[in-house]
Number of protein chains: 2
Amino acid sequence: MREPVPIHQIVVEARELFREYGYEGASMRDLADRVGLRPQSLYTRFPSKESLVPAVLALTLDDTLVDLPDPAGDWRAAWRMLIGRIAETFEARGRCVGLHLAYGVTAQTPDARDAVRTFFARLRDAMAGILDAGEVSEPVSVATDTLAQLEGATLWITTEGDMEPLRHAVERALCIGDREGRPL
Amino acid sequence: MREPVPIHQIVVEARELFREYGYEGASMRDLADRVGLRPQSLYTRFPSKESLVPAVLALTLDDTLVDLPDPAGDWRAAWRMLIGRIAETFEARGRCVGLHLAYGVTAQTPDARDAVRTFFARLRDAMAGILDAGEVSEPVSVATDTLAQLEGATLWITTEGDMEPLRHAVERALCIGDREGRPL
DNA sequence: GTCTATAGAATGATAGAC
DNA sequence: GTCTATCATTCTATAGAC
């Protein structure tokens, strides 16, 4: 008869495990240890390991997009904050949970795979919406490329601890819209 | 008393598995099935699963760098061929085995981790050497950023099958050196 | 070098008491 | 909602015959 573990805490710890160890490398036992439960008890909260993936990515998308300034006002402020949030997370954690899951989920876990696709599509669309408010040309394409460049920079953080490629990607992102016609 | 399985074939199949399923997700059983052996027989060729990682990455580096034109002659030809090889592999396979391993190996497999670091350092250095022959300024930094951008583009191939971000990354890479002072 | 046999551990998941 | 107990499966790896 003790306090139930908050669902939010389970999802947060699952995110840490997925980011560091990937879908296959993260185990329900490790997750249970982190939140102070027996592995079996996790199944009263989530029906399967796979079901953790949509929860983790929904939380992450929410963390990333919450309380952004209205792009219709100052679109640059919204863009700066969004890029800053993504980059800060990559810098603090050294990698992206979404990318690790994108590579790690297979056709055998279709719900997880769909969740990954939805996560990146929504993040890209949020970015594109801001660029669109700034009348940047081809906002979806530019948003897609920008996210790819930020994600790619995590390679060097993981392997070498080198933050420079990420900072360069951020600089390029923040230049977008400066002079139309050649944003990158 | 049958023909021994060529070591090259084992490494090639291991690469496919690591690329698709990552280090944890690839099993010795799957690898054995692919090459027509019993799982136990793999251990006469490789002492452990971890030891496959250096072999896979050494082969990949070799495949990528073999027979490149001498940058001292036509550095642009060498650069074009190298970028083209990387991009073609990503397009054909949908992802990068090095990136999956970079995210997937942990401190528990230090030899594998070292192999990943070495792999990307050598690939970057090969790229930087070509740019240096072209007298591109800050060749190491530009090579590092370029590789990050190519890797990042695989996110969209994996999740959406979208090749456009990769093609954009290639276009940016091939513009390097066109007008000095702002290669990206 | 490949095989059969097997060990020992870890995995995701279920049943039922409290 | 958490627990104890348990399951079937999968995993990496070793021993020894051929």
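Chain letters run A, B, ... following the sequence lines, proteins first and then strands; every chain starts at 1.
Atom CZ of A/Arg45 and atom C1' of D/dC3 are 14 Å apart (whole Å). A/Leu42 places its CG atom 9 Å from the P atom of D/dT2, with the value rounded to the nearest Å. Regarding A/Ile7, its CD1 atom lies at a distance of 7 Å from the P atom of D/dG1, rounded to whole Å. The interatomic distance linking B/Phe46 (CZ) with D/dA13 (C1') rounds to 16 Å, in whole Å. Taking atom CG of B/Leu31 as the reference point, atom P of C/dT2 lies 12 Å away to the nearest angstrom.
Side-chain N/O atoms of B/Ser48 and B/Tyr43 include no donor and acceptor closer than 3.5 Å.
Side-chain contact check for B/Leu59 versus B/Arg15: some heavy-atom pair is nearer than 4.5 Å.
Cation-pi geometry between B/Lys49 and B/Tyr23 is met: under 6.0 angstrom from the ring centre, within 45 degrees of the axis. A cation-pi geometry, defined here as NZ or CZ lying under 6.0 Å from the six-membered ring centre and within 45° of its normal, does not hold between B/Arg95 and B/Phe90.
An OP1 or OP2 oxygen of D/dG1 is reached within less than 4.0 angstrom by no side-chain nitrogen or oxygen of A/Arg38.
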Review point. Between B/Asp30 and B/Ser27, does a side chain to side chain donor-acceptor pair (under 3.5 Å) hold up when you go through it step by step?
Key: CA-CA 5 Å; B/Asp30 292 341; B/Ser27 78; 3.2 Å; yes

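With rounding to the nearest 0.5 angstrom, the CD atom of A/Glu151 is 10.0 Å from the CG atom of A/Leu166.
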Point to revise | Reading 5' to 3' through nucleotides 9-15 of chain C, protein heavy-atom contacts under 4.0 Å coded B for base, S for sugar-phosphate only, - for none | key: --BSBB-

